[in-house]
Asker: 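Before we start, here is the structure in question, set down as structure tokens.
Only heavy atoms go into these numbers, but all of them, side chains included; no hydrogens, no water, no symmetry mates. Reminder, nothing fancy here: chain letters follow the sequence lines and each chain counts from 1.
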Number of protein chains: 2
Amino acid sequence: MNERPKILREDNTAGETVLAEVEEVIQLAVTIKDVAKKANVAASTVSRVIANSNRISHATKIRVREAMEELGYHPNFHARSLANKSTKTIGIIMPSSAKVAFQNPFFPEVIRGISTKAYQKGYGLYLSTGQTEEERFEEVVQMVEEQRVDGIVLLYSRKNGLIMPYLMKKNFPFVLIGRPYDLPDEEVTHVNNDNFKAAKMVTEYLSLLGHRQIAFIGGNMEYVVTIDHMKGYKKALEQAGIEVNDSYIVYHDELEEGGQEAVIELMSLQERPTALVVADDLMAFGVLRMLSDMGVNVPDELSIISFNNVMISELSSPPMTTVDIHIFDLGSTAVECLFDKMLDKHIQPKSVIIPHRLIKRQSCKKCNDKTLHS
Amino acid sequence: MNERPKILREDNTAGETVLAEVEEVIQLAVTIKDVAKKANVAASTVSRVIANSNRISHATKIRVREAMEELGYHPNFHARSLANKSTKTIGIIMPSSAKVAFQNPFFPEVIRGISTKAYQKGYGLYLSTGQTEEERFEEVVQMVEEQRVDGIVLLYSRKNGLIMPYLMKKNFPFVLIGRPYDLPDEEVTHVNNDNFKAAKMVTEYLSLLGHRQIAFIGGNMEYVVTIDHMKGYKKALEQAGIEVNDSYIVYHDELEEGGQEAVIELMSLQERPTALVVADDLMAFGVLRMLSDMGVNVPDELSIISFNNVMISELSSPPMTTVDIHIFDLGSTAVECLFDKMLDKHIQPKSVIIPHRLIKRQSCKKCNDKTLHS
DNA sequence: CTGAAAGCGCTTACAG
DNA sequence: CTGAAAGCGCTTACAG
């Protein structure tokens, strides 16, 4: 594949005409030496001009820059990285891009947050492509060992993950979006919402509206966010003097489809819930759809509240009351923390909590269940 | 930053103990030389083992592999790329990650298609981060000139883009998802749906249901897909003997919000449309929401049909009739074409059409407008 | 302020 | 089947 250019390079000494005949020649990258020759300086000087070293005279800088301009010079990324030990790129590890999960607008939105901040600092983004936890682990090892990235942001936190322990052992700069589970909180830098508090608040809100039969539809139980939601939900019930009813707690993985199954389960109970805490806006769409098929009116017969405030959540019927978790900020803050880590690997790990906010729309209403008045 | 390791390396000759004291030492990458020494061969032999060259004896391969294993060796990515002129990574150029557009599940889904195929071939993904067309153009130039990627997939096609002309001039391997506009169709490899035909089909379907007042809500006019949709729409009307009514044609950029404005515009007309062709499922959500606020019943008073069949489109009320454009296949096919291009830069450009399919749900109904019977 | 030289960690003709 | 050497295109002490 690169035989051709090789040969050309050797012919190069023979004269300009030979080169001109072969179109591929334009592909032949201009190197620092070419610039050096043209500007009548040494390669090292050109290098210093690139780095804008203040040990180079203004005149020389201008001359070199002109030469770079004229030749259309761009420094070779890999040569720089090799000499530098720096790649100016950060790795992003996403959870399984399983069809459904990845259609959740959460991910585009965090990535937008990450991307914006990374762009400002001149960093590029390298994306994981693995589908399983093992594949992704191998990718992380590769990113680290082959020195492809300077730092990593982990977009999810799960029980028994392989990735975090590995990164910690290597003392490789990374930040987690979410909260560590198996590892001590204070040992890993992470950016998170207070999901416990958010779920507690939401449940309290429902109980303030008079609901006592409040069900909980959680996401994948492997994810820490689900655990936190559940704890907050339980805590709120407890404080309100409502007994926790295990049949009111269901988990489902598959977002909207899951939401639908969960509804069937809950609405088949002797004592139907009058309110629902749903893990995710998308899931809530599935819930709503199912409920509408069953002829259950929201919010008259059932109140619903969910999390994330993803764009479409205001487009449901009725518009969804939800918790805005500021997804964009989660991403951009994570990158900021990552840069701190990259500057000093031994910096104290820190934990940043992005505030959440209740967005009241029209899916919740005062409870009018007769059991209330009994 | 890498001063420390430098010093260590020099002390290295002094003895093992010095090294053991400094934790950073584990970070010090194992190189091909270390492996060579351990396996008692030359570096070049190790290199050949990595490449699994058949000119190396089985016995040597095993010995070298053991050494690699024991030392935890991973070849340095940049050194390889530099020597190789190959990066094993492909660049993905996304349209502006403007808040709304990027929340469209279209992008996660194409990326999933791309990602899956890339993973199979051992390729990584490098993501554009620029917000404006100019920023993204600069990123592309950088990816190409600095030799960061072996190929590029462009996720969108727009009028007066800078990126494609540049890539063509460079003869750099890329494939477009969509269809070129300013450039001749047969000069750029692209993967697309037949958006003209899809829009035509959809409009015909509506007219078969008896609708004659069919409006069109298109997306961003800069994007080629919008133009194709519009042409298909017009063609169908023409063939059905329905006169094109310019006030029935509106464009909006901002997806759902846009969808809502468009509805106001259309429903304020003297002669309200009885059917709507909507550019995108997400936009259709906005349309539906607005209509529901206005008390217009879908599909009784107004039929709606949209494009993409994004996951949530079945969760609207009523469930949306839409055109499945097989987004995943768009992505994975694009990568296949890209690999062909990368293998042979001078391969004939080709155009692949991914079939579409009408998904009938419940947002369309026979027209019962009196104007029909007049 | 600038240059010559060594080095970053690989690959690949070339020679045997 | 294997090795010594040159080269990929940069950066960075070192010396002046």
Asker: Write down the distance between CG (B:L71) and P (C:dG9), rounded to a whole number of angstrom.
Answerer: 14 Å
Asker: Report the distance from atom CD of A:E145 to atom P of C:dC10, rounded to the nearest whole Å.
Answerer: 12 Å
Asker: How many Å lie between CD on B:E146 and P on D:dT11, as a whole number?
Answerer: 11 Å
Asker: Could you work out the separation of D:dT12 and D:dG16 based on their C1' atoms and round it to a whole Å?
Answerer: 16 Å
Asker: For a quick test of your reading: what N or O donor-acceptor pairs under 3.5 Å do the side chains of residues 59-66 of chain A make, sequence neighbours left out?
Answerer:
residue : atom : partner : partner atom : Å
A:T60   : OG1  : A:S57   : OG           : 2.6
A:K61   : NZ   : A:N52   : OD1          : 2.9
A:K61   : NZ   : A:S53   : O            : 3.1
A:R63   : NH1  : A:A39   : O            : 2.4
A:R65   : NH2  : A:N52   : OD1          : 3.2

Asker: Tell me whether the OP1 or OP2 atom of C:dG9 has a side-chain N or O from B:N84 closer than 4.0 Å.
Answerer: no
Asker: Distance check needed: D:dC10 P versus A:K37 NZ, whole Å only.
Answerer: 14 Å
Asker: Under 4.5 Å between any side-chain heavy atoms of B:F107 and B:I92, yes or no?
Answerer: no
Asker: Using atom types as modelled and distance alone, determine if a side-chain donor or acceptor of B:D150 lies under 3.5 Å from a backbone N or O of B:S86.
Answerer: no
Asker: Whenever both distances are under 3.5 Å in a Watson-Crick or G-U wobble pair, mark it; put DNA chain C into dot-bracket that way, with [ ] for crossing pairs and | when the partner is on another strand.
Answerer: |||.||||||||.|||
Asker: Can you pull every protein N or O that's under 3.5 Å from an N or O on nucleotides 2-4 of chain C?
Answerer:
residue : atom : partner : partner atom : Å
C:dT2   : OP1  : A:S57   : OG           : 3.4
C:dT2   : OP1  : A:T60   : OG1          : 2.4
C:dT2   : OP2  : A:S57   : N            : 3.0
C:dT2   : OP2  : A:T60   : OG1          : 3.2
C:dT2   : O4   : A:R55   : NH2          : 2.9
C:dG3   : OP2  : A:A42   : N            : 3.0
C:dG3   : OP2  : A:T45   : OG1          : 2.5
C:dG3   : N7   : A:R48   : NH1          : 3.3
C:dG3   : O6   : A:R48   : NH2          : 2.5
C:dA4   : N6   : A:S44   : OG           : 3.2

Asker: Any side-chain to backbone donor/acceptor pair from B:E139 onto B:T129? Under 3.5 Å, distance only.
Answerer: yes
Asker: Please confirm whether the shortest side-chain N or O distance from A:S47 to OP1 or OP2 of D:dT11 is below 4.0 Å.
Answerer: yes
Asker: Could you tell me how far apart A:I32 (CD1) and C:dA6 (C1') are, to the nearest whole angstrom?
Answerer: 15 Å
Asker: Describe the nucleic acid contact of A:H58 in one word from base, sugar-phosphate, nothing, applying a heavy-atom distance below 4.0 Å.
Answerer: nothing
Asker: Can you check the A:N54 CG to C:dC1 C1' distance for me, whole Å?
Answerer: 11 Å
Asker: Donor-acceptor pair, distance only, cut-off 3.5 Å: does the side chain of A:R136 make one with the backbone of A:Q131?
Answerer: yes
Asker: Do B:H190 side-chain atoms and B:P180 backbone N/O form a donor-acceptor pair below 3.5 Å?
Answerer: no
Asker: Do the non-hydrogen side-chain atoms of A:Y156 and A:L154 ever get within less than 4.5 Å of each other?
Answerer: yes
Asker: Scan B:F77 against the nucleic acid and name what it touches under 4.0 Å (heavy atoms): base, sugar-phosphate only, or nothing.
Answerer: nothing
Asker: A side-chain contact here means heavy atoms from C-beta on lying under 4.5 Å apart; do B:T87 and B:Y126 qualify?
Answerer: no
Asker: C:dG9, OP1 or OP2 - any side-chain N/O from A:K85 closer than 4.0 Å?
Answerer: yes
Asker: For A:D340 and A:T189, what are the C-alpha separation, side-chain angles and deciding distance, and is it a side-chain contact (heavy atoms from CB on, under 4.5 Å)?
Answerer: CA-CA 10 Å; A:D340 291 345; A:T189 293; over 6 Å; no
Asker: Roughly how many Å is it from CG in A:L82 to P in C:dG9, rounded to a whole number?
Answerer: 7 Å
Asker: Take atom CZ of A:R148 and atom C1' of C:dG9, then tell me their distance rounded to the nearest Å.
Answerer: 15 Å
